[in-house]
Amino acid sequence: MSGEKTFYITTPIYYVNDVPHIGHAYTTLACDALARFKRLDGFDVRFLTGTDEHGQKVEKSAQAAGVAPQAFTDKVSQNFRDLVGVMNYTNDDFIRTTEDRHKAGVQHLWTKLVEAGEIYLGGYQGWYSVRDEAFYGEDELTTTPGGKKIAPTGAECEWVEEPSYFFRLSAWQDRLLAFYEANPDFIMPPGKRNEVIAFVKSGLKDLSVSRTTFKWGVPVPGDDAHIMYVWLDALANYITALGYPEMEEGGLYKRYWPALHMVGKDILRFHAVYWPAFLMAAGLEPPRRVFAHGWWTIEGQKMSKSLGNVIAPETLVNTYGLDQTRYFLLREVPFGNDGDFSHKQMVARINSNLANDYGNLVQRVLSMIGKNCGGAVPTPGAFIEADDKLLGAAYGLLDAVRVEMDVQAFHRALEIIWNVVGDANRYVDEQAPWALKKTDPARMATVLYVLAETIRHLAILTQPFMPAASAAILAQLALGEDRRGFGTLGAGGALVAGTPLPSPQGVFPRYVEPTEG
RNA sequence: GGCAGCGUAGCUCAGCGGUAGAGCAGGGGAAUCAUAAUCCCUUGGUCGGGGGUUCAAAUCCCUCCGCUGCUACCA
């Protein structure tokens with residue numbers, strides 16, 4: 001709540017023609033974990049997601065469905081709004097490119113670009129595929145015996161000539177390269193950064209930014225024959241959602257821009273090349289960072305409609321549990337790499353990391369406290385070296401985890417937290433509080449206090465990843481909502497001896513294969 | 001084709017000039033507070049092939065083999 005430190009994070013706006021799958025869920029999940037982390041860490045956070053609703057495909061789909069485009073998008077964009085509830089996302093806003101606030105903002109941006117001399121009217125001609133909504137170079141096409149031109153995707157192309165507005169992207173090549181040079185962390189991970197730089201170095205052509213062949217888009221100001229190129233339209237959502245062109249002091253734009261954009265690797269170029277160029281050309285600040293993450297395969301196979309192996313987020317959540325799913329997606333694969341989803345790995349993570357390591361640690365400790373300490377936080381005596389060592393590891397977690405979160409290394413953050421889970425389990429075995437119960441009850445109380453305090457740290461730090469399960473653990477430590485922020489980590493927010501605790505309940509059940517047949 | 005990256009234990013990967021590592025899986029043992037969970041020990045690799053530089057190479061160089069990504073206007 002400081003109001004000083006702000007953090008703005010965005011997902012791509014999802015194309016409404018798609019049905020939400022694990023990939024969409026993953027992108028937004030990463031943003032959600034980061035947004036939650038930053039909020040707990042005292043930042044004033046703005047977390048945006050939304051839907052991209054223009055374009056020829058939408059127009060055609062609406063036509064096929066026999067409804068107006070707006071009615072069509074109203075319906076299908078709901079799929080993405082529903083995902084928010086399914087995955088327990090905490091976005092502060094949900095923008096749709098068909099909203100007036102967006103259209104007005106983009107048109108203003110366009111006008112600015114025209115005034116700056118960055119957009120000019122020219123003509124575009126080439127081989128165009130309606131199905132792909134894309135132009136292809138002559139050398140990419142194959143010619144059928146019948147003389148038809150076929151794109152690499154198999155779609156038929158036709159020769160199209162149309163007037164088009166162009167953005168002077170070619171003029172931005174050197175300034176973009178200078179920007180990447182001055183901001184080495186702008187594109188992450190580093191491998192992707194190199195690809196973008198190589199692309200820009202290879203030479204940039206001016207970009208066609210308007211279309212006249214269909215109508216479902218934002219009209220070009222002053223020339224109704226044209227609508228804007230979908231990417232100029234779509235990318236601008238990141239600032240129109242902040243109220244652009246309103247840029248007054250204390251407003252959303254002033255407060256939150258620039259953003260961290262989380263994107264799939266397929267749309268990296270639009271975000272790392274076109275978007276900063278558009279912004280700089282309009283006299284605006286480029287984004288803070290663009291992070292390109294990888295793709296999921298399913299049981300080793302590429303996800304595709306034809307294979308029928310596309311997984312809906314609801315399916316995962318219903319099968320394995322929400323927090324389990326969130327944990328798996330962020331832990332299993334180094335963020336930025338491609339990963340494979342397999343049932344076997346998912347079950348291994350749930351049973352090993354969650355049920356056995358973390359869940360059982362909590363259960364064994366709280367259960368001993370419940371039975372042997374009168375169901376209240378035990379009263380510690382003097383700490384010995386082993387106590388200080390474990391507590392030190394717990395107290396040191398935030399700094400170590402923060403370093404990883406700041407570079408979006410979610411898997412590393414979780415690994416670091418789990419190192420302390422392991423420390424705590426070893427400590428339990430070494431201290432053997434069940435033996436102390438008979439020989440030295442005061443020492444037992446100290447050991448259990450140290451463990452409870454360690455669990456407090458673990459649960460506070462796992463909140464961004466597994467909000468519901470972490471909340472359940474914190475509730476079992478009788479910590480109210482106001483005692484769960486990162487500001488309470490360390491000795492200052494320590495558990496108070498004598499505080500009554502509710503009776504413990506398991507938080508992470510083992511996954512047992514359904515028995516059938 | 002060009003550019004970039006990768007190939008290390010059964011599996012997923014870390015190490016990137018100084019006597020081969022982690023997690024999981026496999027084997028043995030301890031303990032019994034706990035969701036039969038935990039803890040300890042342990043089997044296992046000529047670090048893709050070949051050549052070179054160096055006192056010393058997964059680690060640097062060359063080459064070959066295999067795999068992946070990028071090579072502009074589909075989100």
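Chain naming here is simple, since letters A, B, ... match the order of the sequence lines and numbering starts at 1 in each.
Between G17(B) and A57(B), the two C1' atoms lie 6 Å apart (nearest whole Å). Nucleotides C13(B) and G7(B) have their P atoms positioned 10 Å apart, rounded to a whole Å. If you take atom P in C3(B) and the same atom in G51(B), they sit 27 Å apart, rounded to whole Å. Using atom P as the reference point in both U38(B) and G23(B), the two lie 13 Å apart (nearest Å). Remark: the separation of the P atoms in U8(B) and G50(B) is 15 Å, to the nearest Å. Look at the C1' atom in both A72(B) and C62(B): the space between them is 35 Å, to the nearest Å. Nucleotides G18(B) and C60(B) place their C1' atoms 14 Å apart, quoted to the nearest Å.
Between the side chain of Y449(A) and the backbone N or O of L495(A) there is at least one donor-acceptor pair closer than 3.5 Å.
F186(A) and F179(A) have perpendicular rings, their planes meeting at more than 60° on a 0 to 90° scale where under 30° would count as parallel. The aromatic rings of H293(A) and W295(A) stand perpendicular to each other, their planes meeting at an angle above 60°, with 30° marking the opposite boundary. Note: H271(A) and Y238(A) have tilted aromatic rings, judged against thresholds of 30 and 60 degrees for the angle between ring planes. Below 30°, between 30° and 60°, or above 60°: for H261(A) and W275(A) the angle between ring planes is between 30° and 60°, a tilted geometry. Using cut-offs of 30° and 60° for the angle between ring planes, the H24(A) and H21(A) rings count as tilted.
Residue E195(A) places its side chain closer to C70(B) than to any other of C73(B), C70(B), C39(B). Residue K205(A) has its side chain nearest to A72(B) when only U38(B), A72(B), A75(B) are considered. The side chain of D357(A) approaches U38(B) more closely than any other nucleotide in the set A72(B), U38(B), A75(B).
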Protein within reach of the bases, or only the backbone? For nucleotides 9-14 of chain B, mark each nucleotide 5' to 3' as B, S or -, using heavy atoms under 4.0 Å.
------
Base versus backbone protein contacts along nucleotides 25-36 of chain B [heavy-atom cut-off under 4.0 Å; B, S, -]
------SSBBB-
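No contact: G264(A) has no heavy atom under 4.0 Å from any strand. Across all strands shown, Y14(A) has no heavy atoms under 4.0 Å from either base or sugar-phosphate atoms. When heavy atoms are screened at a 4.0 angstrom cut-off, D340(A) is found touching no nucleic acid atom at all. Among the heavy atoms of the strands lying under 4.0 Å from L204(A) is at least one base atom, whether or not backbone atoms are also near.
In this structure, S470(A) and A459(A) approach most closely via the heavy-atom pair CB-O, 3.4 Å.
Its glycosidic angle being more than 90° from 0, A25(B) falls on the anti side.
Y511(A) places none of its side-chain heavy atoms less than 4.5 Å from the side chain of M346(A).
For the atom pair CD1 (I473(A)) and CD (Q505(A)), the distance works out to 12.5 Å, reported to the nearest 0.5 Å.
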Under the salt bridge (Lys or Arg N to Asp or Glu O under 4.0 Å) rule, what do E415(A) and R412(A) come out as? Steps first, then yes or no, please.
CA-CA 5 Å; E415(A) 194 180 326; R412(A) 285 279 308 147; 3.5 Å; yes
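Distance I197(A) CD1 to A72(B) P: 18 Å, rounded to the nearest Å.
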